[in-house]
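Below, all heavy atoms of this structure are taken into account, side chains as well, without hydrogens, waters or symmetry copies. Numbered from 1 within each chain, the chains take letters A, B, ... in sequence-line order. The structure presented is a predicted model; accordingly, all values stated were derived computationally and were not measured.
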2 protein chains.
Amino acid sequence: MRQRIGIKEVAAAAGVSTTTVSHALSGKGRLPEGTRARVREVAEQLGYRPNVSARKLGGGSTGLLALAVSQVEDLTFQLGDFDYFASLIREATTAALDRGYALAIAPAAAAEDALHKIPADGALVVDPVPDDASIAYLRGQGVPIVTTGRLLDDGDGYWVDNDHAAGVGRVLDHLHAVGARRIALVAPRSFASYIVDVRAGYAGWCAAHDCEEIVGIAPDVTEQGGFAASSALLSDPDPPDAIYAVLDRLAIGVLLAAAAADVDVPGDLRVAACTDSVAAQTARPPLTTLGLNPEQIGREAIGLLIDLVEGLPVSPGHRLVPTTLIERESTLGSPARAR
Amino acid sequence: MRQRIGIKEVAAAAGVSTTTVSHALSGKGRLPEGTRARVREVAEQLGYRPNVSARKLGGGSTGLLALAVSQVEDLTFQLGDFDYFASLIREATTAALDRGYALAIAPAAAAEDALHKIPADGALVVDPVPDDASIAYLRGQGVPIVTTGRLLDDGDGYWVDNDHAAGVGRVLDHLHAVGARRIALVAPRSFASYIVDVRAGYAGWCAAHDCEEIVGIAPDVTEQGGFAASSALLSDPDPPDAIYAVLDRLAIGVLLAAAAADVDVPGDLRVAACTDSVAAQTARPPLTTLGLNPEQIGREAIGLLIDLVEGLPVSPGHRLVPTTLIERESTLGSPARAR
DNA sequence: ACCTTATGCATAACCGCTTTTGCAAGTCAA
DNA sequence: TTGACTTGCAAAAGCGGTTATGCATAAGGT
């Protein structure tokens with residue numbers, strides 16, 4: 001009948017009061033280092049685990065951060081890229097644990113309800129959508145928030161994202177350098193800031209390079225969506241000679257559409273994608289991608305969030321994470337020609 | 001300065017005591033229907049939301065469950081199937097929240113350390129590996145554990161999994177029914193129970209149907225792994241006429257290998273996979289898959305875990321979740337021939 | 001009419017932890 | 001010596017609920 005070890009048990013074992021234990025563990029109060037260390041040791045030995053609920057109730061912090069992944073109601077939002085999210089979340093979790101925090105998942109479905117039920121000190125919202133109910137709720141609660149990708153309807157606040165403006169330019173420059181002159185963009189409608197940014201970057205680049213803007217709107221963010229959008233583009237009398245898809249899964253759909261339409265990639269069509277992944281790497285031909293360094297995004301976002309939670313001084317505004325262009329056959333073509 | 005509405009405010013507004021409010025809302029105590037309804041209405045109007053932490057404090061539990069996703073050190077374990085895990089975790093999270101628990105992520109790396117820092121009442125370990133350090137640690141702490149997929153080195157304990165034995169039979173019967181006679185299995189080496197189960201089921205089926213066992217071992221669980229394993233199989237002088245891959249990503253690799261080797265699917269090779277996903281659905285040709293109903297697995301596992309945490313009576317042992325065969329072109333072939 | 005039992009609700013004691021306050025003992029300057 | 005600070009720790013008051021207990025009053029049995 002192993003009973004939970006609470007602060008009381010620790011206090012008894014250490015021969016001090018519960019107040020002292022609380023202070024020793026939290027680092028607050030006035031205690032000599034000696035007592036502090038002794039209490040900590042006893043707590044450790046007894047395997048003391050604080051009760052999160054009790055902490056929260058007493059007005060303290062719980063050491064819990066909510067991780068909310070936004071969703072779009074009317075769009076089949078199947079999480080565009082698995083590897084991206086997995087990397088981001090993995091790194092975020094690790095970074096949080098390093099500083100003594102745990103990440104609790106708030107499902108996108110009942111996000112608001114979930115956030116109410118999770119006694120979190122702060123929240124990380126991944127790819128928020130405009131008028132995000134969970135964000136409004138968190139704001140009301142006064143809970144610190146950091147988003148990855150900025151809020152479209154409110155660019156203020158703290159967010160971490162890639163430098164998409166620079167990233168788009170890099171990809172388009174690359175496509176142009178390998179000979180593309182009619183570069184199309186395949187993207188879903190703009191439900192998240194990075195899509196807006198990429199589209200804006202694309203428009204700007206086209207204007208600067210005197211190129212026609214060709215945009216194919218994908219109905220969803222899966223391979224199907226990419227297939228549909230690019231099939232339409234390819235059947236045009238004056239089809240593009242390059243396609244940049246804003247998600248790797250869309251790009252894989254583009255490759256499928258090209259194969260179906262007997263268009264040679266990269267001979268007649270160069271294809272590139274935003275977001276690197278194993279799937280992009282193993283596609284036929286392997287896809288040139290813009291790596292987004294999700295690990296770094298996750299790490300920075302969590303660092304920022306914890307600073308906010310702990311009331312540490314942070315410089316206001318956002319953080320930009322660089323992108324990495326990964327050149328593969330889908331735009332380079334030499335290995336394909338070698339065949 | 002809108003203040004929180006607690007049970008106290010509701011009590012004042014309804015002209016009753018906090019006890020009555022608590023009883024009215026929880027359905028306990030002795031109250032006439034009239035009072036109950038009135039209090040509920042007032043609570044509703046005031047937008048009362050119970051404080052989860054306070055509620056938990058009364059009970060013994062802390063309201064935190066750890067979600068550990070095991071990993072294999074020396075295998076590139078990129079999470080075989082995204083959709084599967086996403087569905088499972090989403091449903092598990094929702095089920096947990098419904099019962100007032102939050103799910104905290106314990107990263108596979110540093111799992112033990114992470115679990116130590118997360119003051120959880122119980123843990124859900126997804127696809128544990130043999131000699132899992134995190135499980136040993138949790139056992140030592142006396143924390144209730146439920147795994148999805150059983151522990152290879154210890155089948156006892158509580159676990160939830162698909163009825164793989166039945167599932168394999170269903171797929172192989174299907175492949176046999178559509179004419180396959182040399183059915184190969186593509187699988188990574190056995191790091192998890194479901195792979196062991198599928199391989200055992202496959203071996204049993206082959207023995208029962210007097211078929212030769214042909215197994216291609218994938219070096220990892222990505223498209224690359226499937227490509228490598230099936231390329232080897234297809235270059236055999238007497239190649240298989242069907243391949244069953246234990247993960248959808250492997251199967252997509254199989255499709256790529258078939259295309260590279262100019263083998264027609266499903267004409268010359270039927271391909272099926274375990275685990276359904278959008279990627280499988282949009283593959284060319286669309287893949288016949290065995291759906292694993294991850295939602296149900298997640299829900300049952302969490303239900304079981306919370307019962308254990310709360311000391312509710314549970315029947316010992318495991319829970320089996322049925323599979324669903326989803327037939328698509330990769331084994332049916334008619335649409336392909338129609339081309 | 002009187003005692004018992006059921007009914008309707010309030011009082012108060014927790015739950016585990018944080019935090020404010022209080023108090024004794026030690027330190028120090030005047 | 002003495003008042004003014006520190007220092008080291010404990011007592012006690014919440015936090016927002018749940019639940020055991022108590023106590024009127026009403027209903028039912030004899």
Side-chain angles (χ1 to χ4, degrees), chain A residues 3-40 42-43 46-64 100 116-121 141-143 309-311, chain B residues 3-40 42-43 46-64 99-101 119-121 309-311:
Chain A
Q3 67 159 52
R4 261 200 83 80
I5 289 168
I7 202 176
K8 225 180 291 181
E9 284 70 30
V10 176
V16 294
S17 74
T18 57
T19 310
T20 303
V21 174
S22 176
H23 282 162
L25 296 176
S26 67
K28 299 185 179 173
R30 300 175 311 210
L31 288 182
E33 239 353 278
T35 310
R36 233 177 257 284
R38 191 159 45 81
V39 171
R40 284 203 168 124
V42 171
L46 263 51
Y48 165 72
R49 304 289 222 38
N51 181 313
V52 181
S53 300
R55 266 210 181 145
K56 180 76 176 180
L57 199 50
S61 66
T62 59
L64 263 192
H116 177 76
K117 290 181 180 169
I118 299 175
D121 296 332
Q141 298 288 303
V143 175
V309 166
E310 298 184 344
Chain B
Q3 66 157 49
R4 250 199 74 80
I5 287 167
I7 202 174
K8 228 180 286 183
E9 283 70 32
V10 176
V16 293
S17 74
T18 59
T19 309
T20 303
V21 174
S22 176
H23 282 161
L25 296 176
S26 66
K28 299 184 179 174
R30 300 174 310 206
L31 288 182
E33 238 355 276
T35 311
R36 232 178 258 283
R38 190 158 45 83
V39 171
R40 282 200 170 126
V42 171
L46 264 52
Y48 166 73
R49 306 280 287 282
N51 181 314
V52 186
S53 300
R55 194 175 265 181
K56 274 290 149 202
L57 199 48
S61 53
T62 72
L64 247 198
R99 291 184 63 176
Y101 287 78
D121 290 334
V309 166
E310 297 185 344

Sequence-distant partners of B:Arg40, side chain to side chain contact (heavy atoms under 4.5 Å, CB included), two or more places apart: B:Leu25, B:Arg36
Rounded interatomic separation in angstrom, taking CZ from B:Arg30 and P from D:dT25: 16 Å
Can you give the donor-acceptor pairs under 3.5 Å from side chains of residues 11-20 of chain A to other protein atoms, not counting sequence neighbours?
from	atom 1	to	atom 2	distance (Å)
A:Ser17	OG	A:Thr19	N	3.3
A:Ser17	OG	A:Thr20	N	3.3
A:Ser17	OG	A:Thr20	OG1	3.2

Close residues, residues 18-25 of chain B, relative to DNA chain D [heavy-atom separation under 4.0 Å]: B:Thr19, B:Ser22, B:His23
With sequence neighbours excluded, residues passing side chain to side chain contact (heavy atoms under 4.5 Å, CB included) with B:Ser53: A:Ser53, A:Lys56, A:Pro119, B:Asn51
Value rounded to 0.5 Å, distance of OG1 in B:Thr62 from OH in B:Tyr101: 8.0 Å
Rounded distance (Å) that lies between atom C1' of D:dC9 and atom CZ of A:Arg36: 12 Å
Sugar-phosphate only, base, or nothing, as touched by B:Thr35 at under 4.0 Å among non-hydrogen atoms: sugar-phosphate
Nearest-angstrom distance from the residue atom CG of A:Leu57 to P of D:dA13: 17 Å
Distance in angstrom units between B:Lys56 NZ and D:dC15 C1', rounded: 17 Å
Rounded (10°) bend between the five-pair end axes of the helix from C:dA1-D:dT30 to C:dA30-D:dT1: 50°
First of A:Tyr48 and B:Arg38 reached from the 5' end of DNA chain C, by closest nucleotide: B:Arg38
Nearest atoms (heavy-atom pairs only) where B:Val21 meets B:Val39: CA-CG1, 3.8 Å
Heavy-atom side-chain contact between B:Tyr48 and B:Ile7 under 4.5 Å: yes
5' priority, DNA chain C, between B:Gly15 and B:Ala54 [closest heavy atom]: B:Gly15
Nearest-0.5 Å distance that lies between atom CG in A:Leu64 and atom CZ in A:Arg55: 10.0 Å
Candidate pair B:His23 and B:Arg30, rule side-chain contact (heavy atoms from CB on, under 4.5 Å), full reasoning: CA-CA 8 Å; B:His23 282 161; B:Arg30 300 174 310 206; over 6 Å; no
Sidechain-backbone polar pair: A:Asp121 side chain, A:Val309 backbone, donor-acceptor under 3.5 Å: no
Between C1' of D:dA10 and NZ of A:Lys8, the distance in whole Å: 15 Å
Covered region of DNA chain C, 5' end to 3' end, by chain A [heavy atoms, under 4.0 Å]: C:dG16 to C:dG22
Exam field: side chain A:Ser26 to backbone A:Ser22, donor-acceptor pair closer than 3.5 Å: yes
